[in-house]
Amino acid sequence: MRNFDYYVANSTADVQDVMKKVKGARPKAGGTDLMGLLKDRLTAPDSIVSLEKVGDLTGIKTQGGGVWIGATTTIAAVAADKAVGRTAGAVADAAGKTGTPLIRNRATVGGNLCQRPRCWYFRHPDYPCSKKGGDTCFAQEGENKYHAIFENVTCNIVHPSNLAPALWAHDAKVHVLGANGKAKDISIDEFWVLPEEDMSKETVLEDDDLVTGVTYTPSGSGSGSAYIEVREKQSYDWALTNAAARVDLSGNRVKDVRVVISAVAPVPMRREEAEAVLKGKAFSEELAWKAGEAAVADATPLRDNKYKVRLLKATVAHTLIEAARRAKGGK
Ligand SMILES: Cc1cc2nc3c(=O)[nH]c(=O)nc-3n(C[C@H](O)[C@H](O)[C@H](O)COP(=O)(O)OP(=O)(O)OC[C@H]3O[C@@H](n4cnc5c(N)ncnc54)[C@H](O)[C@@H]3O)c2cc1C
Ligand code: SF4
């Protein structure tokens with residue numbers, strides 16, 4: 001690991017001050033991803049600014065019809081929050097299933113959205129793949145059982161964040177502050193960058209942007225959401241497939257629905273094809289399975305990950321069934 005200067009900020013203004021003065025300074029929240037990136041020399045900033053003591057970026061509150069979660073709120077706090085559980089089952093589920101208790105107690109919401117991919121070639125120093133400036137995607141012909149089944153053209157990473165699809169199912173906005181003091185609210189569907197647009201990053205954030213929080217739209221009466229993931233190990237692992245769904249019902253008729261999938265493409269993806277199967281119809285398990293089928297119709301699996309197509313279809317169907325059950329008042 002290369003030496004770096006370490007700043008401890010006490011407020012958002014402090015963070016901005018450092019990021020304005022010190023070019024390339026990286027924010028460190030829980031450090032659960034950043035430390036690995038530093039050790040593997042995937043990033044080597046001259047300076048790091050710790051967000052740990054920045055109180056104004058932590059908390060969960062209802063404001064202006066939305067629920068705001070500060071960027072440095074831990075994932076454990078999100079999982080345990082009663083208001084989140086009541087208004088966004090998908091977000092509570094996704095938080096509760098992230099990593100391990102140890103990771104959830106350190107890892108933060110902002111860091112979770114900004115974490116880098118887990119592709120083993122990307123993380124290994126001996127593979128100078130396209131994402132690291134080389135000219136080969138080793139996953140294309142190599143070991144690709146955990147890689148993408150959609151958008152897998154030049155780089156086959158899968159997006160690792162649990163919270164991303166769940167927050168998207170609740171039409172979240174990501175609040176960002178530039179080092180120039182300018183605040184931006186980025187709709188979560190516009191937050192991601194495909195490898196073909198920019199191989200060097202996964203989000204639209206500039207180097208000196210700071211995520212200050214997210215605001216999601218809570219489920220009202222007749223609305224329910226859920227997040228389900230499938231993984232090889234029951235803990236200490238990332239998802240093979242995951243899906244988040246929000247179902248808004250009028251009686252049993254689907255007024256509105258969101259289906260967002262992840263762990264299967266370089267970025268989380270909303271599946272409007274799956275939503276169209278349900279919208280305006282009476283909800284049934286049969287339709288949920290048809291929506292699952294629609295969600296995977298254009299998958300392009302690689303040699304070793306064809307299993308993900310069936311798995312994802314079932315993940316989407318089960319997630320929709322659970323979201324609808326909750327919309328009908330099921331706990
Ligand atoms: C064994 C293991 C299993 C895991 N399983 C899962 C899983 O199942 N699902 C899942 O979603 N994740 C999983 N993770 C990843 C974990 O959730 C992330 O490492 C964590 O959420 C990152 O948050 P952090 O606060 O520690 O971020 P950090 O490590 O501090 O930062 C991560 C990146 O985000 C940047 N950053 C942090 N905060 C901000 C901010 N406010 N604004 C701008 N940039 C910022 C940092 O500069 C850095 O580049 C797992 C990790 C491990 C080690
Ligand atoms: S999937 Fe992306 S990160 Fe992994 S080897 Fe290919 S180019 Fe590199």
Side-chain angles (χ1 to χ4, degrees), residues 12 15 19 24-38 42-43 45 48-52 54 57-58 70-76 78 94-100 102-124 127-144 146-148 152-166 174-178 195 199-203 205-214 227 229 231 233 235-240 242 262-263 266 268 302:
T12 307
V15 182
M19 291 184 76
R26 289 303 311 147
K28 174 186 156 292
T32 60
D33 189 39
L34 186 62
M35 296 313 289
L37 295 169
L38 291 167
L42 289 165
T43 185
I48 287 180
V49 52
S50 167
L51 308 180
E52 240 172 292
V54 182
L57 293 180
T58 303
T72 56
T73 310
T74 64
I75 294 178
V78 175
K97 286 181 183 137
T98 300
T100 64
L102 194 64
I103 288 160
R104 295 196 286 277
N105 277 314
R106 288 287 312 163
T108 65
V109 171
N112 190 265
L113 297 178
C114 298
Q115 62 178 302
R116 303 300 313 276
R118 307 302 308 184
C119 169
W120 38 34
Y121 298 111
F122 175 66
R123 295 272 169 171
H124 199 292
Y127 291 91
C129 74
S130 315
K131 197 160 182 64
K132 292 186 281 191
D135 56 10
T136 308
C137 170
F138 295 100
Q140 196 70 45
E141 298 294 329
E143 300 287 332
N144 52 33
Y146 299 124
H147 287 79
N152 44 6
V153 187
T154 46
C155 167
N156 298 283
I157 52 165
V158 295
H159 203 276
S161 164
N162 278 20
L163 292 182
V174 183
H175 308 298
V176 176
L177 198 57
M199 192 63 119
S200 69
K201 59 185 193 175
E202 295 79 43
T203 72
L205 294 179
E206 302 295 338
D207 278 349
D208 53 8
D209 278 344
L210 179 73
V211 175
T212 56
V214 295
Y227 164 94
E229 67 178 43
R231 53 190 182 196
K233 294 182 280 176
S235 184
Y236 214 91
D237 205 0
W238 282 264
L240 298 168
N242 68 37
S262 198
L302 303 164

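Both ligands and their constituent atoms are indexed starting at 1 by order of listing.
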* Indicate yes or no: at least one non-hydrogen side-chain atom of Asn156 is less than 4.5 angstrom from one of Cys119. => no
* Cys129 near atom 2 (Fe) of ligand 2: N/O/S under 2.8 Å -> no
* Structure fact -> Only one of Lys131, Gln115, His159 passes side chain to side chain donor-acceptor pair (under 3.5 Å) with Glu202, and that residue is Lys131
* Structure fact -> Checking heavy-atom distances from atom 23 (O) of ligand 1 to each of Gly213, Ala263, Gly111, the winner is Gly111
* To do: State plainly whether the residues Arg118 and Asp33 are in salt-bridge range, i.e. N to O under 4.0 Å.
  => yes
* Looking only at distances, please establish whether an N/O atom of ligand 1 is found under 3.5 Å from an N/O atom of Asp33. => yes
* Structure fact -> A student comparing Pro128, Pro117, Cys155 should find that the heavy atom closest to atom 2 (Fe) of ligand 2 comes from Cys155
* With heavy atoms under 4.0 Å as the rule, classify the contact between Asp237 and ligand 1 as side chain, backbone, both or neither. => backbone
* **Sub-4.0 Å atoms of ligand 2 with respect to non-hydrogen atoms of Ile157** => 1 (S), 2 (Fe), 3 (S)
* Asked: When you measure from atom 1 (S) of ligand 2 to every protein heavy atom, which one gives the shortest distance, and what is it?
  -> Asn156 N, 3.0 Å
* To do: Give me the ring orientation class for Trp120 and His147: parallel if the planes are under 30° apart, tilted from 30 to 60°, perpendicular past 60°.
  => tilted
* To do: Check ligand 1 against Arg26 and write out every atom of the ligand that is under 4.0 Å from a heavy-atom position of the residue.
  => 35 (C), 46 (C), 47 (O), 49 (O)
* To do: Taking both backbone and side-chain atoms into account, decide whether Cys137 has an N/O/S atom under 2.8 Å from atom 4 (Fe) of ligand 2.
  => no
* Considering only non-hydrogen protein atoms, determine which one is nearest to atom 4 (Fe) of ligand 2 and report residue, atom name and distance to 0.1 Å. => Cys119 SG, 2.3 Å
